[in-house]
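So the structure is just underneath, and the comments pick up after that.
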2 protein chains.
Amino acid sequence: MIEISPLSALNSAVMAGDHSQPREMSQADIATNAVRRLAEAVVRMSADHPRVSTMAERVNILADELDSRAPSASVRVETMWDPAGGVPKHSPVAGTRNAVARPLVLHQLADGVVEGRVNFGVLHQGPPGCLHGGIAALVLDVALASANAHAGYPGMTASLRIRYLRPTPLYRELTVVAAHIDRDGRKVRSWAEIRLDGEVCVRADGLFVTAREGFAHSDL
Amino acid sequence: MIEISPLSALNSAVMAGDHSQPREMSQADIATNAVRRLAEAVVRMSADHPRVSTMAERVNILADELDSRAPSASVRVETMWDPAGGVPKHSPVAGTRNAVARPLVLHQLADGVVEGRVNFGVLHQGPPGCLHGGIAALVLDVALASANAHAGYPGMTASLRIRYLRPTPLYRELTVVAAHIDRDGRKVRSWAEIRLDGEVCVRADGLFVTAREGFAHSDL
């Protein structure tokens, strides 16, 4: 059986952070959270919902209003990224401004060790009632990058090895842990896990490369 | 430089499929596409947008309306999944009802060979102007699963190896190709690539396991 909690309650818990630190949400973060709620409501609704056509119209009107005043995507692509290794607001895992993200908040426990807690719902489903394996890979990639950045070696993913040890349920509090292992020149190694009640569901081992001027992955 | 196309045009192209086959969109699919537009508009908007508070209120009202009539998440978790290996509507990569998905449409070229084309925008960004490495892993996991299913061996991911060969740009038409390799008992192997203009950006090699009664990943 799958334990289901109302998304609004989940979001409140997730947004509050895993150490009960109240995070100050901007109006833009609140609007993003509303879009998250809407995305989940739309995936859950019956296809014959009587208001589906008018709903689509209303959402398109809102999108038009925002589009007409928003900076171009090219500007946002540049300005939302934090080259210092902080959490970019647009991150599809950790971004408070990205409705695709839950978002996951990773706390630094020690140099190169990070931890966070997160719940996933039907928007991130693979097998029935379980987290999508690709979403697990996405989350672990972010955790690896965060651990490396906190160890002082921010960089980009060169390769990942992901092992699925047991199904990861939706609507449960999962713990994400990651740790930097070592560095050899520009090559940086780290591991990350998604755990449920202390048991490892998915494990990742990552090889990252630190950035250099004019770097391209093809240089590896 | 990053080539930017308007999202609405991109979505039209994506929704039309990669072989210019017009796909019939249900009203619910149209509503989902509207939520996709809204999610991108929200991530692009300036934090001091004058309408951000009222926008959040209006989106929350819409979500409340849908929530009050939607089947419970537990019902949707069960009913949206297609055990026959078809594309589940809730898929975070291919689902027409999931605003997280672009969505990617994979066409079967031969038994166990699939191909699709997709564009990603700022919602799926990692490094500036580039696809998030974890999103690439997510897409490739889905492509591997699809190739296996089309070869007659639907199953779940046991392990993935992902290699990042060159940066994958946003706002460009990417080709996703995957092929089943072989099977040994319940173990199924396949490969998948994300390509730009014929060059491989990201490569995945997957080990999957076919399902059996009472299967759990921990049995591996």
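Because the structure is predicted, anything quoted here is derived from the model rather than measured. Letters go in sequence order (proteins before strands), and every chain restarts at 1.
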Looking only at A/L160, A/V100, A/L38, the option with the highest number of non-hydrogen pairs under 4.5 Å against chain B is A/L160

Side-chain touch B/Q27/A/M55, heavy atoms, less than 4.5 angstrom = no

Rounding to 0.5 Å, atoms OG (A/S159) and CG (B/L165) come to a distance of 10.0 Å

Among B/S53, B/A28, B/P92, the residue with the most heavy-atom pairs under 4.5 Å to chain A is B/P92

Assert top hit (heavy-atom pairs under 4.5 Å, partner chain B, pool A/V52, A/L207, A/D205, A/V202) equals A/V52

Residue set satisfying side chain to side chain contact (heavy atoms under 4.5 Å, CB included) with A/S91, at least two apart, ordered chain then number -> A/P88, A/V93, A/A94

The side-chain hydrogen bond (donor to acceptor under 3.5 Å, both in side chains) partners of A/T168 (sequence neighbours excluded) come to none

Those residues of residues 58-67 of chain A that come under 4.5 Å of chain B on a heavy-atom basis, listed by number, are A/R58, A/V59, A/N60, A/I61, A/L62, A/A63, A/D64, A/E65, A/L66, A/D67

Looking only at B/H124, B/R163, B/R203, most heavy-atom pairs under 4.5 Å shared with chain A are made by B/R163

In terms of heavy-atom contacts, A/H90 and B/G126 come closest through NE2-O, 3.7 Å

Bottom line for A/S26: the part with an atom under 4.5 Å from chain B's heavy atoms is neither

CZ (A/R97) and CG (B/L123) are apart, to the nearest 0.5 Å, by 11.0 Å

Taken to the nearest 0.5 Å, the spacing of A/E57 CD from B/I30 CD1 works out to 10.0 Å

Here the gap from B/I162 atom CD1 to A/I162 atom CD1, rounded to the nearest 0.5 Å, amounts to 6.5 Å

For B/A99 and A/A39 the tightest heavy-atom approach is CB-CB, 4.0 Å

Kindly list each side-chain donor-acceptor pair under 3.5 angstrom involving residues 133-143 of chain A, sequence neighbours excluded, with atom names and distances?
{"unit_1": "A/D141", "atom_1": "OD1", "unit_2": "A/T157", "atom_2": "OG1", "d": "2.7"}
{"unit_1": "A/D141", "atom_1": "OD2", "unit_2": "B/G134", "atom_2": "N", "d": "3.1"}

